[in-house]
Undergrad: 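My questions all concern the structure below.
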Amino acid sequence: RKEKKLNPKLSKLCIENQNVLITGAGGSIGSELSKQVLDLNPNNLILLENSEYNMFSSQKKINQILERKNLNTKVFYILGSINDSGLLNKIFSDFKINTIFHAAAYKHVDLVENNIVSAINNNIFGTLKLAKYARTFKIKSFILISTDKAVNPSSIMGKTKKISEIIIQSIANTLKGKK
């Protein structure tokens with residue numbers, strides 16, 4: 001599929017000189033997002049990934065970009081799950097996050113259909129946990145990476161992502177004082 005670039009206005013608002021957390025940073029979307037965010041001069045880039053192999057691969061690519069472009073952004077590679085409350089608390093406390101790009105998800109339809117409990121735990125409860133931390137720590141920007149399969153969901157993956165969208169919208173409305 002054709003590569004999408006981040007909106008430059010988004011850069012000024014929530015990336016440049018900010019502390020940015022990307023969940024699922026080693027996945028197909030998260031790793032590309034990590035490279036694009038890095039080019040927009042965040043102060044700190046915190047990359048959270050639960051796959052050691054994916055994190056290792058992303059780390060090599062990100063470090064090459066940092067060296068080649070001589071960037072000053074500090075990058076932190078954190079191996080762990082969005083379902084680990086202790087880890088999330090430490091990340092939010094230590095890094096004073098301004099912006100979250102939430103790309104962590106189980107997204108391969110066939111695997112998700114055969115591992116429904118894991119999909120629900122990761123895609124729904126992980127998103128809920130992350131959103132609660134974002135609310136508690138008063139995060140300025142929370143960007144959920146979703147899928148077209150959430151529009152009229154017919155698969156477990158689509159349904160879990162649709163529920164994730166509802167969770168984020170509900171918390172956003174709560175922060176704005178809506179019900």
Side-chain angles (χ1 to χ4, degrees), residues 1-50 54-55 58-59 61-63 65-66 69-78 80-85 87-105 107 122-124 126-148 150 161-178:
R1 91 180 66 140
K2 189 176 177 185
E3 179 182 300
K4 291 287 222 175
K5 290 287 184 189
L6 289 173
N7 182 328
K9 291 179 184 176
L10 185 65
S11 163
K12 293 284 184 200
L13 290 173
C14 63
I15 297 173
E16 190 173 30
N17 299 316
Q18 302 294 309
N19 295 330
V20 178
L21 169 65
I22 299 176
T23 68
S28 57
I29 295 171
S31 61
E32 179 60 32
L33 191 56
S34 298
K35 292 185 278 186
Q36 288 190 31
V37 166
L38 186 62
D39 280 338
L40 299 172
N41 300 313
N43 186 39
N44 291 303
L45 181 57
I46 301 92
L47 304 177
L48 178 60
E49 173 59 47
N50 71 356
N54 288 352
M55 181 60 86
S58 287
Q59 183 178 22
K61 292 173 190 168
I62 294 292
N63 285 343
I65 293 168
L66 286 167
K69 294 185 177 183
N70 196 28
L71 300 174
N72 292 324
T73 299
K74 293 181 181 132
V75 181
F76 300 88
Y77 304 94
I78 301 173
S81 170
I82 57 173
N83 274 303
D84 183 337
S85 294
L87 179 61
L88 289 179
N89 192 59
K90 181 165 178 40
I91 290 169
F92 281 89
S93 296
D94 289 356
F95 292 106
K96 309 296 185 239
I97 305 294
N98 304 106
T99 299
I100 298 170
F101 286 91
H102 178 37
K107 63 177 186 153
N122 189 68
N123 295 1
I124 296 173
T127 298
L128 178 61
K129 192 167 288 190
L130 190 64
K132 285 180 176 180
Y133 274 93
R135 181 179 60 199
T136 299
F137 283 85
K138 297 179 173 67
I139 303 306
K140 291 191 315 189
S141 302
F142 190 117
I143 298 96
L144 171 69
I145 309 303
S146 192
T147 174
D148 60 343
K161 292 301 284 180
K162 178 70 172 186
I163 293 168
S164 295
E165 290 178 3
I166 293 167
I167 289 167
I168 298 306
Q169 188 61 52
S170 175
I171 288 181
N173 287 341
T174 301
L175 292 173
K176 292 176 188 172
K178 297 178 184 176

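Every heavy atom of this structure was used, including side-chain atoms; hydrogens, water molecules and symmetry mates were not.
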Undergrad: Can you tell me how far apart CD1 (I22) and CG (L33) are? Round to the nearest 0.5 Å.
TA: 4.5 Å

Undergrad: Looking only at side-chain N and O atoms, does Q36 offer a donor or acceptor that is under 3.5 Å from a partner on E32?
TA: yes

Undergrad: Is it the case that over 12 heavy atoms from other parts of the model lie below 6.0 angstrom from the NZ atom of K35?
TA: yes

Undergrad: Before you tell me yes or no, could you show the steps for L130 and F92 under side-chain contact (heavy atoms from CB on, under 4.5 Å), namely the whole-Å CA-CA distance, both residues' side-chain angles and the distance that decides it to 0.1 Å?
TA: CA-CA 10 Å; L130 190 64; F92 281 89; 4.0 Å; yes

Undergrad: Have K107 and S28 got a donor and an acceptor in their side chains that come within less than 3.5 Å?
TA: yes

Undergrad: Hey, are the side chains of L21 and T23 touching, using non-hydrogen atoms and a 4.5 Å cut-off?
TA: yes

Undergrad: Are I62 and Y77 side-chain neighbours, meaning at least one heavy-atom pair lies under 4.5 Å?
TA: yes

Undergrad: Quick one: pull up CG in L144 and CD1 in I166 and give me the separation to the nearest 0.5 Å.
TA: 11.5 Å

Undergrad: Any idea which heavy atoms bring G26 and S58 closest together, and the distance?
TA: CA-OG, 3.4 Å

Undergrad: Considering non-hydrogen atoms only, spot the tightest contact between T73 and L66 and give its length.
TA: O-CD2, 3.7 Å

Undergrad: Is there a side-chain contact between V37 and P42 (heavy atoms, below 4.5 Å)?
TA: yes

Undergrad: To the nearest 0.5 Å, what is the distance between CG on L71 and CG on L38?
TA: 5.0 Å

Undergrad: If you compare all heavy atoms of Q18 against all heavy atoms of N98, which two are closest, and at what distance to 0.1 Å?
TA: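 That would be OE1-CG, 2.9 Å.
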
Undergrad: Identify the two heavy atoms, one from L48 and one from G80, that lie closest to each other, and give their separation to 0.1 Å.
TA: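 Heavy atoms only, the tightest pair is CD1-O, 3.6 Å.
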
Undergrad: Between F101 and S34, is a side-chain contact (heavy atoms from CB on, under 4.5 Å) present by the stated rule, with each step listed?
TA: CA-CA 9 Å; F101 286 91; S34 298; over 6 Å; no

Undergrad: How far apart are the closest heavy atoms of K161 and I145, and which atoms are they?
TA: NZ-O, 2.9 Å

Undergrad: Would you compute the distance between atom CE of M55 and atom OG of S31 and round it to the nearest 0.5 angstrom?
TA: 11.0 Å

Undergrad: Is the shortest heavy-atom distance from the side chain of K129 to the side chain of S85 under 4.5 Å?
TA: yes

Undergrad: Only one of L45, L47, N44, I91 passes side chain to side chain contact (heavy atoms under 4.5 Å, CB included) with F76; say which it is.
TA: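 That would be N44; it is the only one of L45, L47, N44, I91 passing the side chain to side chain contact (heavy atoms under 4.5 Å, CB included) with F76.
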
Undergrad: First locate atom OH of Y133, then atom OG of S93, and finally report the distance between them rounded to the nearest 0.5 Å.
TA: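 Rounded to the nearest 0.5 Å, the OH-OG separation comes out at 8.0 Å.
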
Undergrad: Quick one: closest heavy-atom pair of I82 and H102, and the distance?
TA: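 Nearest heavy atoms, I82 then H102: CD1-CE1, 3.6 Å.
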
Undergrad: Just how far is it from atom CG of L40 to atom SG of C14, taken to the nearest 0.5 Å?
TA: 9.0 Å

Undergrad: Check whether any side-chain heavy atom of F95 sits under 4.5 Å from a side-chain heavy atom of N43, and report yes or no.
TA: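 No, every pair of side-chain atoms sits at 4.5 Å or beyond.
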
